[in-house]
Amino acid sequence: MKYDFSAVEQKWQKKWEDEGVFHAQDNSDKPKFYGLVEFPYPSGAGMHVGHIKAYSGLEVISRKRRMQGYNVLFPIGFDAYGLPTENYAIKTGIHPRKVTDMNIEKFSSQLKKVGFSFDWTRVVDTTEESYYKWTQWIFLKMFENGLVFRDKTLVNYCPSCKVVLSNEDSQGGKCDICHSDIVQKSKDVWYLRITEYADKLLQGLDKVDYLPNIKLQQVNWIGKSTGAFVNFEIDGTDEKMKIYTTRPDTLFGVTFMVMAPEHPLIDKYADKIGNMDEIEAYRAECAKKTEFERTQLVKDKTGVCIDGFEAINPVNGKKIPIYISDYVMMGYGTGAIMAVPAHDQRDYEFAKKFGIDIIEVIKGGDISVEAYTGDGEMVNSDFLNGFTKKAESIEKMVEVLQEKGVGEKGVQYKMKDWAFNRQRYWGEPIPVVHCEKCGIVPVPYEELPLRLPEVDNFQPGSDGESPLAKIDSFVNCSCPKCGAPAKRETDTMPQWAGSSWYFLRYIDPHNTEAFADMDKLKYWGPIDWYNGGMEHVTRHLIYSRFWHKFLYDIGVVPFDEPYSKRTAQGLILGPDGEKMSKSKGNVVDPNEVVDALGADVLRTYVLFMGDYEKAAPWSESSVKGCKRFIDRIWNLLEIVKDGEDYSKELETSFHKTIKKVSEDIENMKFNTAIATLMTLLNEIYEVGSITKGELKTFVKLLDPFAPHVAEEVWAQLGGEGLLAVAQWPEFDEAKTVDATIEVPVQICGKLRATITIAKDSSAEDAIAAAKADAKVQEFLDGKNIIKEIYVPGKIINIVAK
RNA sequence: GCGGGUGUGGCGGAAUUGGCAGACGCACUAGACUUAGGAUCUAGCGGAGUGAUCUGUGCAGGUUCAAGUCCUGUCACCCGCACCA
């Protein structure tokens, strides 16, 4: 009988939904398991096989957990605010609300077709009022606690999207959405003080189980460095030039200073600077350079010496020239550095180009060739001469600086505060009011949600102004504090806002009194296992940990790290080995695979195609292998015989398989788990029959991967209840090893024979058995045995000359 | 430049962490059943050789009874960050 996958899959999907087997219970004596996958952005293009792979990992684990008796929360939702929807709305004139609803509908039906065991009663949509009300609430709490501020600074601006971007959203100098070059623009921007949490975000990593490369990327992104701040007097003024350095021990080697071109001291003393024209020209030149050009010209240092000012080295009183150069950034440290050309390659290149002295203070390199950044004995350094350990000389120098009152220990982070507003329509309105008298006033909590108003035109203003600014009825309001006429903030929050706390809402999605009930948070938190893409490690993961830690600090969540464990899946590449993209035309549509071959085949294939954590290309023909696998399982019903016990021929294989599949799932080694099931299937066909009990065990092991065919076979065998909640099979360690084993015999490290011995044979017996083998005797003939090795159960090696 | 990772058949990938390299799947070859097959089944399938056997995990050395796995050097590719002071 041919397997009608389409009818079978629909039948069980309906049954699961009708019986609510995947609904998480808020009150349960069972142990809990909260498995989380990154909720999708519902784009118009529909789902991608990459989504299927991303969700299949924890799908398998969640299904296994249910069968192991856990109360499982495995939710799904939609991260629906964002630019693609808005751009689509601009193009078509269809309201983003409508577009979003259509896309969510499309995604939901696709997800259901694959048979994922999500709890559909807990779906969240970040664009719904009942959801974004709480996003705004958290924002106001941050405001209340001083974590929100407004500042006019140079920001990353995408001229194509007409929007300000955070540092995280403009990595590599490219816009994350449209990949245009980012420009720097001076603008009033809302910031979240994420840097205040830099240390907590760093320290929290110690107690969570994230993949090592994920932790490392977070550590690098936060970019903590320790060093010192040093104040250099500027000759002839009361001004001090503050710099940050990680190498205060090289202070005697300073031969010049460098400021960022935008440094405010330049403007302050503009009228006393002799060559202001030259400086202005240089500044203009720098502003023109894109990020790309700046990095391409790394080796070619440029700059201008400030005429009329010199700094004074605080440890030896030497006067040193001050330059401006774009190799010093305003956004890191103090925007100014002390340059030690002998021991910093960038300073070295600058000094060479401008003919500045190079003074060696650490022995060990050849400063006529390049800067020396290694350790060595200190020289030319007064009280530091003779020191050989970096840590000690730094400590001594900081001590001296502190005594003189010209410096102190300091810490710096690469991470910057989070630019939090976007000049766009489709996002959460920032709930504050600008009042002439009172300044910035938060919208009162009881007025939340602050609803997104209707507009006719979603196009952002050409001056980088939000479309909301055009809606007078929205903009004009009265100040909540003094009642005077005031104006609303018209910018919206970035896409990352809603996703920074969605995992908390799943715990209590319909609560109208709070974003989630404390008791429920205590029961479900923290998330036991979170899987998602590597591309979110330096954004979503950092942002959401920050929000969560803040919520913990104000006492509204009971655990301080949201995710106990974090893993990441690898990409599915197109059949051509390239990253899938519409423009390359190599995108595989999961719907087509489900329609042609079935959901079980799709699910099995995305996990079988390779190591879950690595990228692997899609192969049209390999999918068929999984189709055969599913069909062959179905066909087992033709060779099934009565009996609940294991048969003699297959007992060991079953115990081995249960062990291997159980362990592989825990380690996300899904490809080898499926391979093991395939091996067992081959063995069953070799034996020619299978007992009912064996087949039941087989489909239990199969259920997480291919639940539809598994459920159908289970039902045909008369299995009790739904397989989805049947008990996960157990194995007996003692029965995972055959009574007799095959052991390879090597002579001088070369394989010469294979012998069969009892599994617990002694070394003597094993070697004696090996020597009795005709082939072995042939090779040992006329030789002296030097050494005999038996690794129990593994191998015999006889060394002879 | 810094940090991390990966190199194994025609292809995707296995290898209990030092113990039979190539599990499992695809593709391919031969055969069976078919009017036919992009269906199914059987057998074969790293390379060389009729064979016993030899050889083989990017490359060159080394340690070991034994190396894909450990050590030294080297090459290539991928990912992340990037003038971070």
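Naming convention: chains lettered A, B, ... in sequence-line order (proteins, then strands); numbering from 1 in each chain. What you see is a predicted model, and the numbers here were worked out from it, not measured in a lab. Heavy-atom basis, side chains included; hydrogens, waters and symmetry copies ignored.
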Do we see a donor-acceptor contact under 3.5 Å between the side chains of [X] and [Y]?
{"X": "A/N586", "Y": "A/W618", "answer": "no"}
{"X": "A/D357", "Y": "A/T255", "answer": "no"}
{"X": "A/S225", "Y": "A/Y413", "answer": "no"}

Could you state the atom-to-atom distance from [atom1] of [X] to [atom2] of [N] in whole Å?
{"X": "A/H655", "N": "B/U16", "atom1": "NE2", "atom2": "P", "result": "24 Å"}
{"X": "A/E349", "N": "B/A85", "atom1": "CD", "atom2": "P", "result": "16 Å"}
{"X": "A/N167", "N": "B/G80", "atom1": "CG", "atom2": "P", "result": "16 Å"}
{"X": "A/M534", "N": "B/G5", "atom1": "CE", "atom2": "P", "result": "12 Å"}
{"X": "A/L211", "N": "B/G5", "atom1": "CG", "atom2": "C1'", "result": "13 Å"}
{"X": "A/I337", "N": "B/A85", "atom1": "CD1", "atom2": "C1'", "result": "5 Å"}
{"X": "A/I741", "N": "B/C20", "atom1": "CD1", "atom2": "P", "result": "13 Å"}
{"X": "A/K414", "N": "B/A82", "atom1": "NZ", "atom2": "P", "result": "8 Å"}

Inter-nucleotide [atom1] distance ([N], [M]), Å rounded:
{"N": "B/G58", "M": "B/A76", "atom1": "C1'", "result": "7 Å"}
{"N": "B/C70", "M": "B/U6", "atom1": "P", "result": "10 Å"}
{"N": "B/C77", "M": "B/U29", "atom1": "C1'", "result": "34 Å"}
{"N": "B/U40", "M": "B/G47", "atom1": "P", "result": "26 Å"}
{"N": "B/C75", "M": "B/G10", "atom1": "C1'", "result": "24 Å"}
{"N": "B/G68", "M": "B/A14", "atom1": "C1'", "result": "12 Å"}
{"N": "B/G37", "M": "B/C28", "atom1": "P", "result": "14 Å"}
{"N": "B/A21", "M": "B/G46", "atom1": "P", "result": "14 Å"}

**OP:** Name all pairs fulfilling the ring-ring contact (aromatic ring centres under 6.0 Å, His included) condition that reach into residues 777-801 of chain A, sequence neighbours left out, sorted by first residue then second.
**Re:** none

Which residues pass the side-chain hydrogen bond (donor to acceptor under 3.5 Å, both in side chains) test with [X], not counting sequence neighbours?
{"X": "A/E360", "value": "none"}
{"X": "A/K242", "value": "none"}
{"X": "A/R628", "value": "none"}

Subject >> Phosphate OP1/OP2 of B/A85 contacted by A/Y244 side-chain N/O (<4.0 Å) >> reply: no

**OP:** Respond yes when some side-chain nitrogen or oxygen of A/K775 is under 4.0 Å from OP1 or OP2 of B/U53, and no when none is.
**Re:** yes

Original post:
Between A/M678 and A/T245, which has a closest nucleotide on RNA chain B that is more 5'?
Top reply: A/M678

Subject >> Earlier contact from the 5' end, RNA chain B, for A/S225 and A/L751 >> reply: A/L751

Original post:
When all nucleic acid strands are considered with a 4.0 Å heavy-atom cut-off, which category describes A/S619: base, sugar-phosphate, or nothing?
Top reply: nothing

Original post:
Base, sugar-phosphate alone, or nothing: which one does A/K627 contact when heavy atoms must sit under 4.0 Å apart?
Top reply: nothing

Only distances under 3.5 Å count here; give the side-chain donor-acceptor pairs of residues 740-747 of chain A to other protein atoms, sequence neighbours excluded, each with its distance to 0.1 Å.
none

For nucleotides 12-14 of chain B, list the nitrogen or oxygen atoms of the protein found under 3.5 Å from its nitrogen or oxygen atoms, one pair per line.
| unit_1 | atom_1 | unit_2 | atom_2 | d |
| --- | --- | --- | --- | --- |
| B/G12 | O2' | A/M609 | O | 2.5 |
| B/G13 | OP1 | A/A615 | O | 3.4 |
| B/A14 | OP1 | A/N671 | ND2 | 3.2 |

Original post:
Applying salt bridge (charged side-chain N to carboxylate O under 4.0 Å, His left out), which residue pairs with at least one partner in residues 664-685 of chain A are found, sequence neighbours left out?
Top reply: A/K64-A/E666, A/R65-A/E666, A/D611-A/K669, A/K660-A/D664

Original post:
Taking O4'-C1'-N9-C4 for purines and O4'-C1'-N1-C2 for pyrimidines, is B/U17 syn (within 90° of 0) or anti?
Top reply: syn

**OP:** For B/G13, measure the glycosidic angle (O4'-C1'-N9-C4 for a purine, O4'-C1'-N1-C2 for a pyrimidine) and name it syn if it falls within 90° of 0, otherwise anti.
**Re:** anti

**OP:** Flag yes if more than 12 heavy atoms outside A/K579 fall under 6.0 Å of its NZ atom; otherwise flag no.
**Re:** no

**OP:** Counting heavy atoms from C-beta on, name the nucleotide in B/U16, B/C83, B/C24 closest to the side chain of A/K794.
**Re:** B/U16

Original post:
Between A/T226 and A/Y244, which heavy-atom pair has the shortest distance, and what is it?
Top reply: C-OH, 3.3 Å

**OP:** Report the stems of RNA chain B as range-with-range entries sorted by first number; a stem here is at least three consecutive pairs, Watson-Crick or G-U wobble, both distances under 3.5 Å, and write none if there are none.
**Re:** B:1-7 with B:75-81, B:10-12 with B:24-26, B:28-32 with B:40-44, B:46-48 with B:53-55, B:58-62 with B:70-74

Original post:
Taking only residues two or more places apart in sequence or in another chain, which ones pass salt bridge (Lys or Arg N to Asp or Glu O under 4.0 Å) with A/K794?
Top reply: none

Original post:
How many angstroms lie between atom NE2 of A/H655 and atom CG of A/L650, to the nearest 0.5 angstrom?
Top reply: 11.0 Å

**OP:** To the nearest 0.5 Å, tell me how far A/I266 CD1 sits from A/M259 CE.
**Re:** 5.5 Å

N/O-N/O pairs, protein side and nucleotides 61-72 of chain B side, under 3.5 Å:
| unit_1 | atom_1 | unit_2 | atom_2 | d |
| --- | --- | --- | --- | --- |
| B/C65 | O2' | A/N797 | ND2 | 3.2 |
| B/C65 | O2 | A/N797 | ND2 | 2.5 |

**OP:** Run through A/I222, A/T195, A/V219 and flag the one making a side-chain contact (heavy atoms from CB on, under 4.5 Å) with A/L201.
**Re:** A/I222

**OP:** Would you mind listing every side-chain hydrogen bond (donor to acceptor under 3.5 Å, both in side chains) that reaches into residues 751-761 of chain A, with sequence neighbours excluded?
**Re:** none

Output one line per pair: protein atom, nucleotide atom from nucleotides 37-45 of chain B, and distance, for all N/O pairs under 3.5 Å.
| unit_1 | atom_1 | unit_2 | atom_2 | d |
| --- | --- | --- | --- | --- |
| B/U40 | OP1 | A/R628 | NE | 3.4 |

